[in-house]
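Below, all heavy atoms of this structure are taken into account, side chains as well, without hydrogens, waters or symmetry copies. For ligands, and for the atoms within them, numbers begin at 1 and follow the listed sequence.
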Amino acid sequence: MVSIAPVIKDHKKIEEKWKKKWLDSEIFQTKDDKSLDKYYVLEMFPYPSGTAAHVGHARNYVIGDSFARFMRMNGFNVLYPMGWDSFGLPSENAAKKKGIHPMESVAENIETMKDQFYALSLSYDWTKEVTTCEPEYYKWNQWLFLKLYEKGLAYKKKAPGNWCPHCKTTLANEDVKDGKCWRCDTQVVQKDIEQWFFKITDYADRLLEGLEKIEWSDDLKSMQKHWIGKSYGLNLFFKVKGTEEKISCFTTRPDTYFGITFMVFAPEHPLVDKLVEGTKYEKKVKEFKEETRKMTELERISEEKEKKGVFTGRYLINPITQEEIPIWIANYVIMSYGTGIVMGVPTQDQRDFEFAKKYDLKLKNVINPPGKELKEEEMEKAYTEPGVIANSGQFNSMDSEEAKEEMSEFFIEKGVAERAVNYKIRDWNISRQRYWGTPIPVVYCDKCGIVPLSEEDLPLELPLDVDFKAKVISPLQTNEEFVNTTCPKCGGPAKRETDTMTTFVDSAWYFLRYPNPKNEEEIFNKGIVNYWLPVDQYIGGTEHAVGHLMYSRFITKFLHDLGFLEFDEPFLRLLNQGMVLKGGIKMSKSKGNTIDPREIIDKHGVDVLRTYLMSMAAPDKDVEWSDRDLKGVEKFLEKVMGIFTELDKPHKKQKYVQSITQKGIRNVTKYMRNLEQNKALLELMTLTNELVKYPERDSYKSLLMMLTPFAPHTCEELWGMMGERPFISTQEWPEPDESLIDEKIEQQEESVRNTIKDVKSVLELVEKEPEKIYLYVIPPELEYYKNSKELFEKDFKQEVIIQSSVNPEYDPKNKAKRAKFGKPGIYVE
Ligand code: ANZ
Ligand code: ZN
């Protein structure tokens with residue numbers, strides 16, 4: 001039996017040794033050879049925060065690293081880069097609080113994080129490093145802005161911004177969580193401010209269609225679809241009674257048309273003031289408008305919020321029934337969707353139902369559940385399911401789903417409707433009233449208005465000298481030299497834009513910069529980027545399901561349209577990594593339940609940590625940290641080392657070992673390709689247990705190669721000890737030789753293992769220590785059992801005598817007769 005005493009005693013020594021050798025020999029650097037098949041593995045680049053990483057972070061990176069190492073060994077030209085999403089609020093806040101300039105804190109934090117990555121032996125190609133807060137990088141944000149501006153896709157408008165009074169900045173919709181700022185949890189309010197937008201809505205359809213050609217989880221795709229929110233329906237036309245005004249409302253439910261009992265305008269709808277002007281309703285309407293301004297759009301459309309409104313004193317005429325419909329304004333109707341007007345169908349829409357109940361408005365049910373007739377006065381909530389049409393003239397008793405189309409045709413023919421499509425997605429607000437970001441390359445001139453800089457003037461550098469504590473919206477406003485400039489067009493005095501771009505602009509294209517990060521002439525080299533991209537495997541958290549991933553897809557499509565990119569989806573395969581939990585909750589500094597990878601590395605070695613992190617669960621699953629399992633993995637690696645000392649000892653199971661080795665190679669390879677590193681490791685553990693019994697040199701080599709992505713230092717060291725050169729990390733991944741897989745032999749070995757168990761149960765029954773064990777085996781199995789003699793004796797530490805069951809030399813108790821296929825007779829003495 002192999003001893004499991006570790007042959008490598010000082011893990012620190014070998015870690016340092018191999019790290020240095022890898023660095024010196026540059027084996028992880030990307031090759032420029034375009035004749036090779038490429039593979040681009042990418043992890044979402046981090047914000048260089050000053051807080052120590054915990055093992056949850058470590059897991060995220062080891063997922064990518066073990067995969068990148070695997071793909072390299074498979075002969076791919078692998079690009080596996082890392083960089084820094086280094087603009088953004090936290091550094092700026094730190095500057096305010098502690099007086100450290102963001103430039104300094106970022107540089108410091110990057111060094112700290114690099115050390116952490118180094119400790120984990122992540123095999124990044126550091127020659128590809130990208131840092132977004134450097135002018136060499138953000139110059140291209142500005143270039144991108146100018147290109148979008150040129151194409152009419154960057155524009156400025158006054159928009160009710162989500163304003164966080166605490167951070168003193170505007171927030172994009174996706175940065176508002178439950179009406180609160182995603183960073184500081186402060187209640188967000190609505191405020192009208194001039195801001196810059198990118199017209200992502202022009203790409204809504206293509207962003208939707210593109211989802212069909214990429215391998216992302218269904219969950220993620222449906223989040224993106226939801227965000228784009230494409231709805232098909234009708235715009236219905238109405239006249240305002242006693243005026244010439246015509247309005248339209250958007251509905252996805254034409255089947256509920258005959259159930260309209262009121263109409264609701266968004267309070268900020270431009271017609272509202274006109275409708276109430278000079279009437280007794282004017283004052284209440286004005287007051288109500290003020291009140292709604294305090295709510296965010298998200299709150300207003302949230303189902304939980306109370307639906308409130310006021311009557312305008314006006315009526316619409318229903319063009320089909322000639323009925324008069326009262327016009328209300330209400331908080332739950334927003335101006336930015338559809339036409340800003342909604343038909344109130346309280347019996348079929350829950351919001352309308354609550355509203356009608358509150359203000360005592362009429363109910364008229366038009367859809368019944370199959371086989372049942374609803375009575376309005378008994379309804380306790382809206383009936384929102386499909387059903388049978390009622391109270392709707394010639395459409396009565398039709399199936400409501402079918403009626404949708406027929407009624408649409410009918411209204412269109414009557415000239416009271418047209419088909420309409422609406423999207424939930426809004427243009428992308430890129431303005432931030434913040435210092436630490438990319439300056440927007442435009443100036444304001446009294447004569448010429450908005451004037452963009454020209455490409456030759458880029459980069460427009462962010463000045464370092466600003467007053468972070470001044471009471472201004474953006475600290476940039478405190479640098480006079482920056483603010484006051486001359487107009488590029490007329491040469492007259494002009495002022496610079498002091499908003500900066502959201503960091504989502506930086507991260508919307510950084511993956512295009514990695515292949516060619518030092519390019520000073522252009523944002524990237526077309527040839528190089530079209531060779532490397534799209535990213536083959538992207539890895540990151542679900543918190544970016546809509547923001548970052550949507551923007552990256554948009555910018556990619558835009559650059560595709562400009563003719564820079566041959567592809568128009570940036571990320572072919574996406575893995576959303578799971579989280580590491582401790583005590584059932586997500587590991588995080590604020591919860592105080594973090595484990596520092598450095599401690600684990602110090603005590604057990606980085607290979608143990610890496611291997612453990614990958615064995616815990618499938619990479620996309622959340623998983624609880626376990627010290628016991630960590631120790632189990634340490635034992636496993638010690639076993640692997642132990643095999644080394646036993647190599648070349650003769651045994652009689654070559655064919656069996658070959659068979660399971662080849663099978664192992666087949667399975668491990670399959671799992672690795674699928675990013676199921678946990679399953680790959682299970683296979684490797686099984687194979688290890690077999691090699692402990694039968695230490696076969698060639699199989700051991702395969703085992704070490706397959707273990708290299710997880711425990712690279714240990715494997716390199718053992719590889720060297722075996723006299724193999726140069727690096728195991730650059731070896732070709734083993735190919736399974738299917739012809740060596742022998743199911744029959746594997747079955748025979750299994751019988752032997754079962755026999756060991758059977759003997760054990762027999763031994764439990766006999767009282768005294770037996771001296772000899774006799775096995776009576778049917779003749780076809782005799783040879784294999786005899787070959788297993790050593791295995792039995794190792795296990796029982798006794799002589800085991802194996803005889804044929806047909807004419808045994810010694811069989812006092814007639815046990816030979818009991819022998820069956822795969823089940824020898826057993827006798828102990
Ligand atoms: C009448 C109706 C009856 C509706 C019914 C729904 C159910 P999606 O799928 O999200 O596009 N709506 C339209 N514009 C709105 C606005 N500006 N503010 C708030 N709500 C608005 O939903 C479309 C539905 O959202 C439309 O269909 C409209 O209400 C509402 F039983 O019209 B419906
Ligand atoms: Zn000018």
Next on the checklist: I'd like to know if the side chain of Q348 pairs up with that of D255 as donor and acceptor (distance under 3.5 Å, no hydrogens or angles considered).
Outcome noted: no

Checklist entry - In the protein, what heavy atom is nearest to atom 15 (C) of ligand 1, and what distance, to one decimal place, separates them? => result V342 CG2, 3.2 Å

Checklist outcome for this item: The protein heavy atom nearest to atom 17 (N) of ligand 1 is I334 O, 2.7 Å

Next on the checklist: To check your reading of the model: name the closest protein heavy atom to atom 3 (C) of ligand 1, its residue, and the distance in Å.
Outcome noted: T256 OG1, 3.5 Å

Checklist outcome for this item: In terms of its nearest heavy atom to atom 22 (O) of ligand 1, the top option of I341, T251, T252, L236 is T252

Item to check | Donor-acceptor side-chain pairing of E373 and N368 below 3.5 angstrom | outcome: no

Checklist entry - So is K157 actually on top of F197's ring, under 6.0 Å and inside 45° of the axis? => result yes

Checklist outcome for this item: If you scan protein heavy atoms around atom 6 (C) of ligand 1, the nearest is D349 OD2, 3.3 Å

Item to check | Winner among Y332, F353, Y337, F250 once heavy atoms are compared against atom 19 (C) of ligand 1 | outcome: Y332

Checklist outcome for this item: Logged contact type for K424 with ligand 1, heavy-atom cut-off 4.0 Å, is side chain

Item to check | Protein heavy-atom partner closest to atom 5 (C) of ligand 1 - residue, atom, separation in Å | outcome: R253 CG, 3.6 Å

Item to check | Backbone of T384 reached by a side-chain donor or acceptor of Q350 within 3.5 Å | outcome: no

Checklist entry - Which ligand 1 atoms does V333 reach within 4.0 Å, using its non-hydrogen atoms? => result 16 (C), 17 (N), 18 (N), 19 (C)

Next on the checklist: Using 30° and 60° as the class boundaries, would you call the ring planes of W196 and F145 parallel, tilted or perpendicular?
Outcome noted: perpendicular

Item to check | Heavy-atom check, side chain of W436 versus side chain of T500, under 4.5 Å | outcome: no

Next on the checklist: So if I count the atoms of ligand 1 from 1 in the order they appear, which ones are less than 4.0 Å from some heavy atom of M343?
Outcome noted: 1 (C), 32 (O)

Next on the checklist: Less than 3.5 Å apart, any donor N or O on the side chain of K156 or Y444 sitting next to an acceptor on the other?
Outcome noted: yes

Checklist entry - Any donor and acceptor pair, going by atom type alone, linking the side chain of K557 with main-chain N or O of D568 inside 3.5 Å? => result yes

Item to check | Polar contact flag for S231 and ligand 1 (N/O pairs, less than 3.5 Å) | outcome: yes

Item to check | Set of side-chain hydrogen bond (donor to acceptor under 3.5 Å, both in side chains) partners for E409, sequence neighbours left out | outcome: R419

Checklist entry - Looking at atom 31 (F) of ligand 1, what's its closest protein heavy atom, distance included? => result Q348 O, 3.0 Å

Item to check | Residue and atom name of the nearest protein heavy atom (relative to atom 30 (C) of ligand 1), distance in Å to one decimal | outcome: R351 NH2, 3.5 Å

